[in-house]
Amino acid sequence: MGSSSDKLFNRERTLHEILGGGIVADVMLWRKKNVSVGIVTVTIASWMVFEAFAYTIFTLISSVLLLLLSILFLWSKSASILNRPSPPLPEFQISEAMAEEASICLRLHVNKLLQVSHDIAMGRDSELYTKVAVSLFLISLIGSLMDFQTLCHTSVLVVMTVPAVYERYEDHIDGSILFICNKAKELYLRVEVLAFPENKKLS
């Protein structure tokens, strides 16, 4: 195992610790193979069902909710007629504290997004602009290649395969990515000097 300087972001924790070190990390890293195989199998099977029957995620959710509500409604009606106990359902409600916490969290994220957008629009951070532009381009490219439903299935398969492969070949992958990042940083600095020579003079 290499030193922390040979790792991405100079991290000292293992991938299992970064992922939380719990059951989710065990499943993603295939340390609970039965669960991992089950998730991958269900994902592939559901994708095939969606493609074969032309289902959408909204159609599936509506059908499942309709079936669930119908079962509970008939259960409650039959229970009242037969003097049986009603379905053991808790009361669903959002407390005022939960609503306030959610609104505060949403406000913080929205304000941060607006501040970042303002900084980019004012030309204060060319590096951040480059990162955002590349990210938006990749999102647009992915959106043109697949729909949201396929993206969800693909994301699950990526989450279930990439971390496990990375953990197995961690040293080789880290070395290659660090080499590419260093070359990309050198190229970016050259482009920045050519595009913004005034920044070079000020520094």
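All values derive from a computational prediction rather than experimental measurement.
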Item checked: Remaining members of hydrophobic cluster (4.5 Å side-chain criterion), Y188 -> L189
Check: So how far is it from L141 CG to S144 OG, rounded to the nearest 0.5 Å?
Finding: 5.0 Å
Check: Quick one: hydrophobic cluster around I142, which other residues, with the 4.5 Å side-chain cut-off, linked directly or via members?
Finding: M146, L151
Note to self: In the structure I gave you, are the side-chain heavy atoms of D174 and Y166 within less than 4.5 Å of one another anywhere?
What the structure shows: yes
Note to self: Suppose the criterion is salt bridge (Lys or Arg N to Asp or Glu O under 4.0 Å): which pairs have a residue in residues 21-43, not counting sequence neighbours?
What the structure shows: R31-E167
Notebook entry, point to check: Which pairs count as side-chain hydrogen bond (donor to acceptor under 3.5 Å, both in side chains) when at least one residue sits in residues 129-140, sequence neighbours excluded?
Noted result: none
Check: Considering residues at least two apart in sequence or located in another chain, which fulfil the side-chain hydrogen bond (donor to acceptor under 3.5 Å, both in side chains) criterion with E127?
Finding: none
Notebook entry, point to check: What residues join I44 in its hydrophobic cluster, counting side-chain heavy atom gaps under 4.5 Å, either direct or through other members?
Noted result: I23, V27, W30, V35, V37, I39, V40, W47, M48, V156, L157, M160
Check: Restricting to pairs with a member in residues 101-114, which pass side-chain hydrogen bond (donor to acceptor under 3.5 Å, both in side chains), not counting sequence neighbours?
Finding: none
Notebook entry, point to check: Can you list the steps and then say if L19 with V24 is a side-chain contact (heavy atoms from CB on, under 4.5 Å)?
Noted result: CA-CA 8 Å; L19 295 176; V24 175; over 6 Å; no
Notebook entry, point to check: Got a second to check how far N182's CG is from F179's CZ, nearest 0.5 Å?
Noted result: 8.5 Å
Note to self: List the residues meeting side-chain hydrogen bond (donor to acceptor under 3.5 Å, both in side chains) with S76, not counting sequence neighbours, and say none if there are none.
What the structure shows: none
Check: Quick one: salt bridge (Lys or Arg N to Asp or Glu O under 4.0 Å) partners of E186, sequence neighbours excluded?
Finding: none
Notebook entry, point to check: Which residues pass the salt bridge (Lys or Arg N to Asp or Glu O under 4.0 Å) test with R84, sequence neighbours left out?
Noted result: none
Pair up each side-chain donor or acceptor in residues 63-73 with any protein partner under 3.5 Å, not counting sequence neighbours, and list the distances.
residue, atom, partner, partner atom, Å
S63, OG, T59, O, 2.8
S70, OG, L66, O, 2.7

Next item on the list: Please answer: with hydrophobic residues joined when any side-chain heavy atoms are less than 4.5 Å apart, are V165 and M28 in the same cluster?
Entry: yes
Checklist line | Atom pair CG (L187) and CD1 (I180), whose distance is rounded to the nearest 0.5 Å | finding: 13.0 Å
Note to self: Which residues end up grouped with I94 if you chain together Ile, Leu, Val, Met, Phe, Trp and Tyr wherever their side-chain heavy atoms are less than 4.5 Å apart?
What the structure shows: M98
Next item on the list: Please round to the nearest 0.5 Å and tell me the distance separating atom OH of Y169 and atom OG of S176.
Entry: 13.5 Å
Note to self: Starting from L106, can I reach L108 by hopping between I/L/V/M/F/W/Y residues whose side chains sit under 4.5 Å apart?
What the structure shows: no
